Amino acid sequence: NIYYREAGTGTPFIIIPGWTAASEHFLKQIAYFSDRYRVISYDPRSQGDSSKTWENNNYTQHGKDLKAFMDALELKDVILMGHSAGCADAYAYFRAYGTDNVKAFICIDSNFKAVSETEGEWGDPFTYEGTKGFFNILIYNRKEWIRPFIESMLVNPVAEEVTWFYEQLIKTPDPVALLLMADVMMIDYTEEAKMIAEKIPVLNVVAESPGWSDEAEAWFKANAPKTQVVIMPGVKH
């Protein structure tokens with residue numbers, strides 16, 4: 001069962017939450033865009049108030065789930081907007097189904113290949129020790145790590161809002177959260193990022209940060225120049 005929220009009428013505008021996040025986090029965006037669109041945000045498999053499953057907790061399946069969700073609601077010519085790892089749900093959809101039934105794509109502060117291997121790639125240059133340390137935190141100390149993780153995403157963290165955010169994230173069981181993070185660290189949707197820019201309007205919104213936003217801008221200019229890139233100063237993830 002997939003839990004979702006919706007408001008408004010017109011062109012379907014689907015908001016996809018990121019890693020372990022939920023539609024609850026997009027209440028203000030749903031309200032804001034609902035005067036122009038039929039805005040829908042859902043909780044991906046094993047996140048928020050959707051069913052928790054012990055199988056298929058990966059982004060390839062998330063792409064299939066997105067297709068099934070769109071079919072079940074008979075949504076046509078949708079706009080997809082993903083935040084963070086929610087962009088991987090969309091890229092997985094594009095890999096499996098192309099741009100059929102999607103009229104535009106918005107990706108918020110996320111790349112299509114997490115770990116960079118060569119100079120000029122847009123990604124995170126993880127070392128073995130860095131990757132080991134990161135996953136040790138997730139394996140042994142996830143719930144204690146989530147609050148500072150949330151605070152790092154916000155410009156002005158407020159205790160009540162951090163708690164509200166936290167309560168949604170911990171609905172995803174620890175093993176599932178670990179599987180999803182491992183998957184999103186390993187996947188590579190470089191070719192999909194190039195392909196979709198040739199077929200539909202694509203917008204990448206990137207938080208301004210040295211070594212992140214400048215690399216994003218350079219990569220798209222060189223590899224997918226039809227993509228619109230907007231660098232947002234003074235914001236966080």
Side-chain angles (χ1 to χ4, degrees), residues 13-33 39 41 44 47 59 79-91 104-117 119-126 130-131 134 137-138 145-159 161-162 164-166 168-169 177 180-181 183-185 187-190 192-194 196-197 201-237:
F13 181 0
I14 302 178
I15 301 175
I16 310 170
W19 176 74
T20 71
S23 57
E24 173 85 9
H25 298 135
F26 293 93
L27 294 175
K28 292 185 178 181
Q29 287 73 24
I30 293 170
Y32 179 83
F33 288 110
V39 187
S41 186
Q47 297 179 206
Y59 286 95
I79 299 169
L80 293 180
M81 182 171 80
H83 172 246
S84 192
C87 296
D89 297 52
Y91 283 126
F105 175 50
I106 305 162
C107 180
I108 302 176
D109 208 38
S110 181
N111 52 16
F112 35 80
K113 182 182 180 183
V115 179
S116 61
E117 297 178 281
E119 188 175 349
E121 283 188 317
W122 176 34
D124 297 306
F126 275 92
T131 304
F134 178 65
I137 291 171
L138 288 183
W145 173 78
I146 290 177
R147 286 184 185 275
F149 166 68
I150 295 168
E151 290 172 355
S152 73
M153 295 170 61
L154 306 174
V155 175
N156 295 304
V158 177
E161 291 184 350
V162 171
W164 164 73
F165 209 110
Y166 173 89
Q168 294 299 317
L169 266 59
L180 289 173
M181 181 59 76
D183 191 35
V184 83
M185 291 278 285
I187 52 183
D188 181 355
Y189 290 120
T190 302
E192 284 70 27
K194 295 176 182 178
I196 61 175
V202 179
L203 169 66
N204 264 262
V205 180
V206 185
E208 186 175 42
S209 178
W212 174 253
S213 50
D214 49 348
E215 286 185 4
E217 205 164 28
W219 189 92
F220 282 109
K221 183 177 181 180
N223 297 281
K226 293 183 181 179
T227 299
Q228 182 180 358
V229 180
V230 174
I231 307 300
M232 299 287 285
V235 304
K236 293 191 178 180
H237 186 56

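Keep in mind that what you see is a predicted model, and the values were worked out from it rather than measured. In what follows, every heavy atom counts, from backbone to side chain, and hydrogens, waters and symmetry copies are set aside.
W164 and E24 share a donor-acceptor pair across their side chains, judged by distance under 3.5 Å alone. Checking H237 against S84 by side-chain atom types alone, a donor-acceptor pair falls below 3.5 Å. N111 and W219 share no side-chain donor-acceptor pair at under 3.5 Å.
Looking at every heavy atom in both residues, P17 comes nearest to S23 through CG-N, 3.7 Å. Taking every heavy atom of both residues into account, E121 and E215 meet most closely at O-OE1, 3.3 Å. Looking at every heavy atom in both residues, D188 comes nearest to E192 through O-OE1, 4.1 Å. The shortest non-hydrogen separation linking Q47 to G18 is NE2-O, 3.1 Å. Here the shortest heavy-atom pairing between M232 and V205 reads CG-CG1, 3.5 Å. Closest of all the heavy-atom pairs between A114 and V184 is CB-O, 3.6 Å.
Within the 3.5 Å criterion, the main-chain N or O of G211 finds a donor-acceptor partner in the side chain of D214.
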Query raised in the report: Passes side chain to side chain contact (heavy atoms under 4.5 Å, CB included), V162 versus F149? Steps please.
Result: CA-CA 10 Å; V162 171; F149 166 68; over 6 Å; no
Query raised in the report: Do Y91 and Y189 pass the ring-ring contact (aromatic ring centres under 6.0 Å, His included) test, and can you show the C-alpha distance, the side-chain angles, and the key distance before you say yes or no?
Result: CA-CA 6 Å; Y91 283 126; Y189 290 120; 5.8 Å; yes
Query raised in the report: Between I108 and M81, does a side chain to side chain contact (heavy atoms under 4.5 Å, CB included) hold up when you go through it step by step?
Result: CA-CA 8 Å; I108 302 176; M81 182 171 80; 3.7 Å; yes
Query raised in the report: Can F165 and E161 be said to form a side chain to side chain contact (heavy atoms under 4.5 Å, CB included), step by step?
Result: CA-CA 6 Å; F165 209 110; E161 291 184 350; over 6 Å; no
Requested in this report: For side chain to side chain contact (heavy atoms under 4.5 Å, CB included), just list the numbers for W122 and K113, CA-CA rounded to whole Å, side-chain angles, deciding distance to a tenth of an Å, and then say yes or no.
Outcome: CA-CA 8 Å; W122 176 34; K113 182 182 180 183; over 6 Å; no
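Residues F105 and L203 form no side-chain contact, since every pair of their non-hydrogen atoms from C-beta on lies 4.5 Å or further apart. A heavy-atom distance below 4.5 Å is not found between the side chains of F33 and F26. Side-chain contact between I79 and I106 is present, with heavy atoms from C-beta onward closer than 4.5 Å.
When the shell of 6.0 Å around OH of Y32 is examined, it contains 12 or fewer heavy atoms from other residues, nucleotides or ligands.
In this structure, CG on L169 lies 5.0 Å from CD1 on I150, to the nearest 0.5 angstrom. If you take CG on D109 and OG on S213, they are separated by 9.0 Å, rounding to the nearest 0.5 Å. Note that CD1 of I146 and CD of E151 are 12.0 Å apart. Values are rounded to the nearest 0.5 Å. In this structure, the separation between CD on E208 and CD on E217 is 9.5 Å, given to the nearest 0.5 Å. Taking OG1 of T20 as the reference point, atom CG of L180 lies at 8.0 Å (rounded to 0.5 Å). Once rounded to the nearest 0.5 Å, the distance linking CD1 of I15 with CD of Q29 reads 6.0 Å.
Ring centroid separation for the pair W19 and Y59 does not come in under the 6.0 Å cut-off.
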